Amino acid sequence: MWRYIVRRLLQTIPVILGATLLIYALVFLQPGDPIVALFGEKPVSDAVRAELEAQYNLDQPFLIQWLLFLKGALVGDFGVSYSGQPVSELIGRTLPVTFQLAFMAMIIEAILGVIAGFYAGMRRGKIFDSTMLVVSLTVIAIPIFVLGFGLQLIFGVQLQWVPPTVGSDTSFTNLILPAVVLGLVSFAYVLRLTRTSVIENLTADHVRTARAHGVSDSLVNRRHVLRNSLIPVVTFLGADLGTLMAGAVVTEGIFNINGIGNLAYQAILRGENPTVVSVVTVMVLIYVVASLLVDLLYAALDPRIRYA
Amino acid sequence: MHNHTPRQGQERFVAPAVSSELPALHVDTSHPPESQWKQAWKALRRNWLFWFSASLLVIILFVVFFPNVLTSVDPRSADLSHSLGKPQAGHIFGFDRQGYDVFSRTIHGARASVIIGLLTTIIVTIIGLFTGALAGFFGGWLDTIVSRGADIFFAIPLLLAAIVGLSALNNVWPDRGYWGGVFAVVIALAVFGWPQITRIARGAVLEIKHLEFVDAARSLGASKWRNLFTHIIPNALPPVIVTATVSLGVYIVAEATLSFLGIGLPPSVVSWGNDIAAAQPQVRSGDNLHVLFFPAGALAITVLSFMLLGDAVRDALDPKARK
Amino acid sequence: MQTKRTFKYVAALSVGALALTACGGGGDNGGDTADGEMIINAHGIEPQNPLVPTNTNEVGGGHIVDAIFAGLVSYNTDGSTEMEVAESIESEDNVTWTVTLNDGWTFSDGSPVTANSFVDAWNYGSDPDNAQLSAYFFNAIEGANEEGNIEDGSDTLSGLEVIDDLTFEVTLKEPAADFPDRLGYSAYFPLPEVAFEDMEAFGEQPVSNGPYVLDEWNHDVDAKLSANPDYEGNRTPENDGLTFTFYTDPDAGYTDVQSGVLDVMDQVPPSAIETFQDDENLEAYTEDGSVNATITIPSSLEHFGEDEEGQLRRAAVSKAIDREAITSTIFDGTRTPSTDFSSPLMPDYSEDIPGAEVLEFDAEEAQDLWAQAEEMAPFEGSLQLSYNSDGAGNKEWVEAVTNQIRENLEIEVEPNPFATFAEFRELITNREIGTAFRTGWQPDYPSVYNYIAPVFGTGAGANDGDYSNADFDAALVSAASAEDEESRTEALTEAQAILMEDLPAIPLWNQDALAIAAQGVEGVQLNWQNQPEYHLITK
C-alpha cells in the first residue's frame, strides 16, 4: 500500500511536467500581444517594450520560458502578474474560496445524485425515475450562464432566500446557491451513473445469492447494491474535482466570487501567461492528488482490488 | 493402491433406476455459438425503447442533413422590425432579438450542434474505451503510461483547456469557414475530453476482470485478446455508455458556453449554442422566453434520444437483464 | 532588475498582511453606515496596475486614482475646465506655458504640493525605464518622442523647467491652444516625494492630494476611500467615503444594486439594457454620452482605397446601415445615432457639418452608390467586420450591422470575431487584420479635436486605418493654433466635413452614459466622461 502511494506520487512528476509543458505551449500559441493589450489604444515605444519583455521573459523562446518557470516554481516562486502582484499570492487568496465552493458542490452532487440515482434505479420506469430523467435533461440542456443566472434572480433577488452575490463574505449560506449551480451538471452524471449501476447490480449473482440466503432486502440494498454501485461514481467524482474548479469560471462570475477559475479566465483574457500557467499547475496538482485518493478508495469499495 | 471391490457378503444397495426422460435439448451445432454482440442485438430488437429512441434519432439526423425540407426561411435573414416577435402563423416559433426566424434557426442550428456533440462523443468514446480497457486489463507499465498520459490532458480543466486550445487554434488556423469552425470546437473538446472515458472504462474493466465468468473463460483457454473483446469490453460498457450519453449533451452545451464567452462558433455559423447564448438577456426580463425555449428544447430532445438509446443498449448487453 | 523584484515582493507581502487583518475584523459588510458615517458603496473593477497615476490606463484603477488625486485643473460635470491646484496656466504663443500653483496644497502625508511634485511625476511617467502605461500623454512636450517617452540619452524632459516652488514652465513641440484643458487627465497628476523612494509600495498605498484618501486596498475584493479633511479643491465630497467593491461580471453588480447591497454602478450589463429603466428595485440614469462607436475600413483594403471608388463604397456601406433600427432594438434606445465624428457633449460640437447626410439610412441610394463603384471595378468575395467578443455586447450589434449591409447591398458580409481585445488590437496595430473593424473613442479631454486629431491625423498614434489627407491635416493645425473659440470651431467643422467625404471610419452611434443606483441614493450625476460624480452622491 505505502509502496503504491510512493510510486504514484513519483509518477506525478512527469504528469506535472507534461501538463505544464502542454499549457505553456498552448499559451505560447495564444494570439495577441499582451503588451499592446496592456497599453490599450496607445502606442508603445521600443525601449519600453524591450523593458517589459525582459521582465516577463517574453523575449525568450518558449522552452526556455517553460524551464525558467519550472525553476521558479520549484522554490514556490510563480513570478509576478502584470499588475505587479506575486502570482503565488493571487493563488493563495483565490484557491481556498474555489476549494470551498468545489467541495460543497461535490458533496451536494454526490449525496443528491447517489440518493436520487439509487431510488430511480430501484424503481426503474416509475414516476420518480421519469421525473429525474426530465430534471437531468433540463440541467444538461440549459447552460450554467443561463440556469445560474435564472436561479440567482429567483432565489437571490425575488425570494431573497440567499444573498444574490458572494463578494468578500464566503460563508456557508452565501456559497450554498453557487455550489448548487456548480454541482448541477455533475449531479446529472452522478444520477445517471448510479441509476445504471443499481439496475446492473440488482440482477448480479452475489445480490441474488444474498437474497436467497434470506438477508433482508434493505441490508442487501445497502450493502451489496449500493456499495457496488458506487465504484463508477467514485471514479467520476475523483476526476470531477478539477472540472468543478474550472467550471467555476462561469459560476464565479455570476455570483462575484473571487475564485481561482475567475482568476484564470481573466488572466487568459489579458494574456497574463505567468498567471494562467501557475493556476493550471495548481489545478493539476489538485487533480493528481484527488485521482490518487480515488484509486485508494477503490480498494476500500472493492476488496478484490489490491495495490501492491 | 486401494481396491474398491466390495467385500464379500456385504449387501449392495442399488437404487432403482427411475427412467426419467431428459428434457429435449436443442443445440444447433451447425452454427458457431452466438457472440455476446449478436445476442445483444437480438435483445435490442425486442426492446421498444430502442425503436423509440432510434426513430427520434433518425428524425434528428434527417433535420441535420436536410434542413431545407422543413423550412424555406433563410436562418440568417434578419429583420429588426420583427425583433422578439411572438410566435405567429408562418413563423411558429416567433422571432429573436436580431429578427431571425426562430423555427428556421432551430432547424438549421441542428447541424452544427448535433455534429459537435456526436462527433466529439464518438471520438472521445473510441479513444477512451480502447485506452481505458487496455490499461485496466493488462495493468503494469501499460496502465501506468496510459493513466498518467490521460492525467496530463485531464488535469487541465476542460473549459479552460478548450478556451486556450481554441484561441491557439485561431492563431494557427484562421479563416476556417463553417466546417473549420465546427471541427475546431470538436478538436478542442475531444483532445481534453477523452481521459474522462478512459478513467471510467479502466475502472469498469478493473472491476470486471476479477469476476467469475472471466476466470471461467480464461480457464477454458480463451486468449487474452479474445477475452478482452468478447467478455471484458461488453461488460465494461454500461458506465461508459451512460457517461458518453450525458457527455454528448454536455459537449453541445460546452459549445454554447464557449460561444457565450466569444470563442466558440462565429456568429455566421447557426447553432443552438449560439442562439442559447444570445437568449441569455431574456432570462433577466422574463419576457420572450421563446427565444431560449426552442433551441434549448431541441438540445434536450437530442440528449434524451441518446440517453434512451444508451439505456436500451445497456440492457441488451446485460445477459441477466435479458428476458 | 533583481532588486526591483525583491522590492515588489516585500511591498506586496505587507499589503497582504494588511488585507488579512482587515478580513479578521469580521462582520464588516463593505463600509456601510456602521458608525453613522455615510459611505457610498460603488461598483468597481480590480485595478490591473499599481495605483500610480502615470501607470493607470484602465477604468478600474482610473476610478480610484481620479478620486484620490487632484491635478492642475479639474473638469466640471459638463466637461468645462476649472483651475484646481494651478492658480493659472498661461502662454503667449501656445507653445511655452507658465504654470503657477496655488499655495497651501498638501499631500495626505503633510508634505506640500510643489512645482517639483508635477515635474518629477511627469519625468517619471515619461522615462522609458519605468515603462509607464500612460507615457503617451507626454508626447506633446519637448524632449519626448511620439510614444511620449524621454528621448535617448536624457533623464528628464527638456521641455519641463522648475522656476520656483510654485512655478514651472512647459515647452511644447507644437502650438496647442487646448493644452490646459488636457491637464485634468490622471497622467498629469502630481506625486509626493515619498513616492520616488519606493514606487512599488506607493502603488499599493498611495499618498495623495485629492478629495479622498485610500485607506485600504483589499485585492479582488474592494478599495476603501475616506474623505480627505485637508482637501479644499473643486470636488468637495458630499459623503464621508467611497468603497469600490470589485466585480468581474457586471451582471452580478446589477443584481447587487437591485437588492441594495451596492449603492451605485457606472454601467448597465447588456442583459439588463431592455429592462433597467422600468426596474422598480432601482433608479436608472441615462444621459447623452461621449463614447462613440465607428467602423474603420483601412485604406489598404482592396476596393476601399482613398479614391473615388473607395469613397463611393464607404458612402454606400454607411447609408446601408439603419442606425435608428439598431439603437432602438439591439440597444433599446441606450445609444444615439451619430451625427458627426465626436459627441454632442463636447463644448466645441457643431450641429451642421456639411456632408453629414451620409450617416442617414437610405437603402436605395446605398445600392445606387455601390452600383456606381461596381462600374469602376467589380467587388468579389466578402466584406468582413472584425470585433473583439470579450467586450460585452459587441457581437449583437456587429451581427445586426452585417445583416443590414448584406441585405441592403446584396453582398456577402460576415462578422469576424476575435476572442480577446489583445489579439484584435495586435492585428490592427501590425496592419495584418485585412478586414474592416470596429473602433471607438473615449476622449481624454473634452474637445472635438481629441476625437479626430489622434485618430485621423496623418501618422497619428491611433490612426489605425492609415488615413492621410493633407487638407484635413491643415485644418487640424489651424484648429490647434486658433486664437479664439469661434475660429477653432470653424476649423474643426471644416476638418469633419473632409472626413464625411472620405469616411476613413464610419460613425455609428454614441453610447449613452448609463448608471443605476439603489433606492434612496441621491445626487447621481453623470459627467462628460460618462461616469457618476462620486463625490456628489449621498444616501
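On a predicted model such as this, the values are computed, not experimentally measured, just so you know.
Contact of A/V27 with chain B is made through the side chain alone, with heavy-atom distances under 4.5 Å. The parts of A/P143 that come within reach of chain B are both its backbone and its side chain, each placing non-hydrogen atoms under 4.5 angstrom from that chain.
Here the closest heavy-atom approach between residue B/V283 and residue A/G150 is recorded as CG1-CA, 3.7 Å. A/A264 and B/L160 make their closest contact through CB-CD1, 3.8 Å (heavy atoms, listed as atom of the first residue, atom of the second, distance). A/L29 and B/A168 get closest at one heavy-atom pair: CB-CB, 3.7 Å.
Of the candidates B/V164, B/L169, B/I163, B/V164 is the only one forming a side chain to side chain contact (heavy atoms under 4.5 Å, CB included) with A/L26.
Within a 6.0 Å radius of CZ in B/F293, other residues, nucleotides and ligands contribute 12 heavy atoms or fewer.
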side-chain contact (heavy atoms from CB on, under 4.5 Å) assessment of A/L21 paired with B/I152 = CA-CA 10 Å; A/L21 183 63; B/I152 289 179; over 6 Å; no

Could you give me the CA-CA distance, side-chain angles and deciding distance for A/I140 and B/V246, then say whether side-chain contact (heavy atoms from CB on, under 4.5 Å) is met?
-> CA-CA 8 Å; A/I140 290 170; B/V246 178; 3.6 Å; yes

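Counting heavy-atom pairs closer than 4.5 Å to chain B, the top-ranked of the candidates A/L285, A/V233, A/V185, A/L137 is A/L137. By number of non-hydrogen pairs under 4.5 angstrom with chain B, the leading residue of A/V280, A/T12, A/L22, A/L17 is A/L22.
Taken to the nearest 0.5 Å, the CD atom of A/Q11 stands 9.0 Å off from the CG atom of B/D151.
Annotation: ring-ring contact (aromatic ring centres under 6.0 Å, His included) contacts involving residues 134-159 of chain A, sequence neighbours excluded, comprise A/F145-B/F260, A/F155-A/W161.
Considering only residues two or more places apart in sequence or on other chains, B/S113 meets the side-chain hydrogen bond (donor to acceptor under 3.5 Å, both in side chains) condition with none of them.
You'll find the side chain of B/I241 stays beyond 4.5 Å of the side chain of A/T196, heavy atoms only.
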